[in-house]
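The sequence lines fix the lettering, A, B, ..., with proteins before strands; numbering per chain opens at 1. Predicted model only: the values in this text are computed from it and were never measured.
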There are 2 protein chains.
Amino acid sequence: MAAAASLKLPALERLPKETTNQWVYRSLRQAVMLGLVPPGRPVTIRDVANILEVSTTPVREALRRLSSEQALEELDNRRILVPNMTAARFRELCELRIALECHAAERAMPYMHGAKLDELAAIDKRLDDANDAGDRERIIALNQQFHRFIYEANPHQTVMPLVESVWLQLGPFVRLALSRLKDFYQVDRHSEAMAALRRQDPLGLRIAMEADIRDALTHVGTNELLKAYVESPDSIA
Amino acid sequence: MAAAASLKLPALERLPKETTNQWVYRSLRQAVMLGLVPPGRPVTIRDVANILEVSTTPVREALRRLSSEQALEELDNRRILVPNMTAARFRELCELRIALECHAAERAMPYMHGAKLDELAAIDKRLDDANDAGDRERIIALNQQFHRFIYEANPHQTVMPLVESVWLQLGPFVRLALSRLKDFYQVDRHSEAMAALRRQDPLGLRIAMEADIRDALTHVGTNELLKAYVESPDSIA
DNA sequence: ACGAGATTATTTTGATCACATTCTTGCGGC
DNA sequence: GCCGCAAGAATGTGATCAAAATAATCTCGT
């Protein structure tokens with residue numbers, strides 16, 4: 001029946017106390033983040049409902065939520081799809097990420113005490129290991145964890161949801177960058193950032209953060225990789 | 001019947017081609033923006049559905065969407081409410097607004113040509129008039145329009161949704177500030193911003209923007225007004 | 001006759017609702 | 001005070017209706 005031949009969803013395992021809505025949301029979010037949903041192709045409620053074997057209501061709510069977070073785009077036609085990436089949009093998102101996260105880091109700095117710095121170093125250590133092992137999934141996860149841990153040190157959270165939104169929009173392409181890169185300079189940047197945190201040096205922190213983000217993203221944004229992807233996504237994925 | 005004595009919703013008129021969902025969303029958004037929903041008091045789906053005389057489904061989706069935009073908060077209990085404002089959170093939101101909007105303005109600057117500058121000046125002129133007339137509703141609306149017009153000059157939009165989210169969270173309190181203020185310095189700041197745009201001077205633009213936002217918000221954030229509100233909202237509203 | 005563009009018909013998709021189910025919470029008996 | 005039960009509230013389902021996309025047909029000028 002309902003064909004949906006080209007749409008594959010990861011079928012995340014369902015957590016114990018989780019509502020259907022949350023489960024569908026997590027699944028779709030992950031699918032978008034990993035770039036499994038082809039940009040431009042409409043994502044219909046019924047297709048997703050059929051694939052995940054749930055009714056339409058939770059699916060529509062999950063799609064709507066992702067639209068609110070700019071991970072999906074709602075057209076006038078009521079069609080929902082993954083927005084197309086362009087070089088210009090990618091550049092905008094990079095700069096936005098830098099502005100947002102430098103700000104977040106600076107506002108969180110005063111709350112990074114000794115114990116928290118040790119925890120952060122531990123995360124970085126694990127990231128280092130994953131790096132050596134070449135485990136991409138873990139590298140992405142731990143890198144996000146590293147950044148999140150810093151920003152969330154600030155107990156008065158306002159930025160993190162916005163940061164997540166930008167991550168969601170960049171998600172698939174960051175993965176793309178990693179899939180081609182052999183080694184990462186990020187570890188050094190992370191060390192610089194941690195040193196700046198230890199010194200409580202706002203400017204140093206900003207510089208390290210910006211460098212870290214740029215290192216991670218410029219490999220996609222500037223070279224021909226993004227262009228190739230934009231033109232024919234399937235050839236790379 | 002359904003009591004909900006203290007919850008009043010503006011009952012926006014329903015636009016022609018609008019779905020129930022969109023209408024409920026607009027109504028709730030406006031209510032939150034104007035501070036009509038008391039923070040801390042749970043907003044139940046049923047209450048809203050009864051007040052607006054629609055079924056629960058569109059209400060739930062509207063509430064969920066506002067939660068995604070950080071205008072509402074979903075507790076573990078599945079209860080939904082307007083997050084409480086604290087002095088610290090307010091400060092965070094101000095700084096976030098400044099960081100975001102300075103960035104947005106700077107990224108939009110190259111796209112502000114002659115014709116667009118004239119349009120901007122026209123908006124500012126109308127704002128000036130509203131200011132003289134003391135029409136608060138229009139002042140708020142036009143001020144937002146002024147800022148939005150600048151940021152949206154950038155054709156590769158990524159920031160505006162994030163800015164809207166912050167506006168939503170600050171909304172009620174900005175209104176609060178205006179309700180007490182006699183005159184505004186913003187007009188001058190707007191002139192400075194326009195001058196900087198004309199010169200294509202990034203630093204000057206940032207300075208003017210930051211000053212403009214600070215002028216609008218510090219009156220709430222620093223003085224006893226916010227404190228009074230946080231302690232007993234009803235005494236001020 | 002032929003084909004580009006408009007138009008209608010069919011089918012797909014989204015929106016809304018009422019009801020069933022599941023979860024939370026607050027009350028009252030012990 | 002604690003436990004359990006009942007009322008209230010939210011989630012999820014399937015049905016129904018309206019809107020939009022796609023397919024098929026028609027019109028008209030050449």
Value in whole Å for how far the [atom2] atom of [N] lies from [atom1] of [X]:
{"X": "B:Leu75", "N": "C:dT24", "atom1": "CG", "atom2": "P", "answer": "13 Å"}
{"X": "A:Lys17", "N": "C:dC23", "atom1": "NZ", "atom2": "C1'", "answer": "8 Å"}
{"X": "B:Tyr25", "N": "C:dA15", "atom1": "OH", "atom2": "P", "answer": "15 Å"}
{"X": "A:Asn50", "N": "C:dT12", "atom1": "CG", "atom2": "P", "answer": "13 Å"}

Check: If you measure from the Lys or Arg side-chain nitrogens to the Asp or Glu carboxylate oxygens, is any gap between A:Arg65 and A:Glu69 under 4.0 Å?
Finding: yes
Notebook entry, point to check: Should the ring pair A:Trp167 and A:Tyr151 be called parallel, tilted or perpendicular, given that the plane angle runs from 0 to 90° and is split at 30 and 60?
Noted result: tilted
Min side-chain heavy-atom separation [X]-[Y] under 4.5 Å:
{"X": "B:Leu162", "Y": "A:Val166", "answer": "yes"}
{"X": "A:Val48", "Y": "A:Thr56", "answer": "no"}
{"X": "B:Thr57", "Y": "A:Arg60", "answer": "yes"}

Checklist line | Contact state string [nucleotides 8-14 of chain D, B base, S sugar-phosphate only, - no protein heavy atom under 4.0 Å] | finding: -BBBBBB
Checklist line | A:Leu81: partners by side-chain contact (heavy atoms from CB on, under 4.5 Å), with sequence neighbours left out | finding: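 Here the qualifying residues are A:Glu73, A:Leu75.
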Notebook entry, point to check: When rounded to the nearest 0.5 angstrom, what distance separates CD in A:Glu61 from CG in A:Asn21?
Noted result: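 Rounded to the nearest 0.5 Å, the CD-CG separation comes to 5.0 Å.
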Next item on the list: Look up atom CG in B:Leu120 and atom CD1 in B:Ile150, then write down how far apart they are to the nearest 0.5 Å.
Entry: 5.0 Å
Checklist line | Strand contacts (DNA chain C) in residues 65-72 of chain A, 4.0 angstrom heavy-atom criterion | finding: none
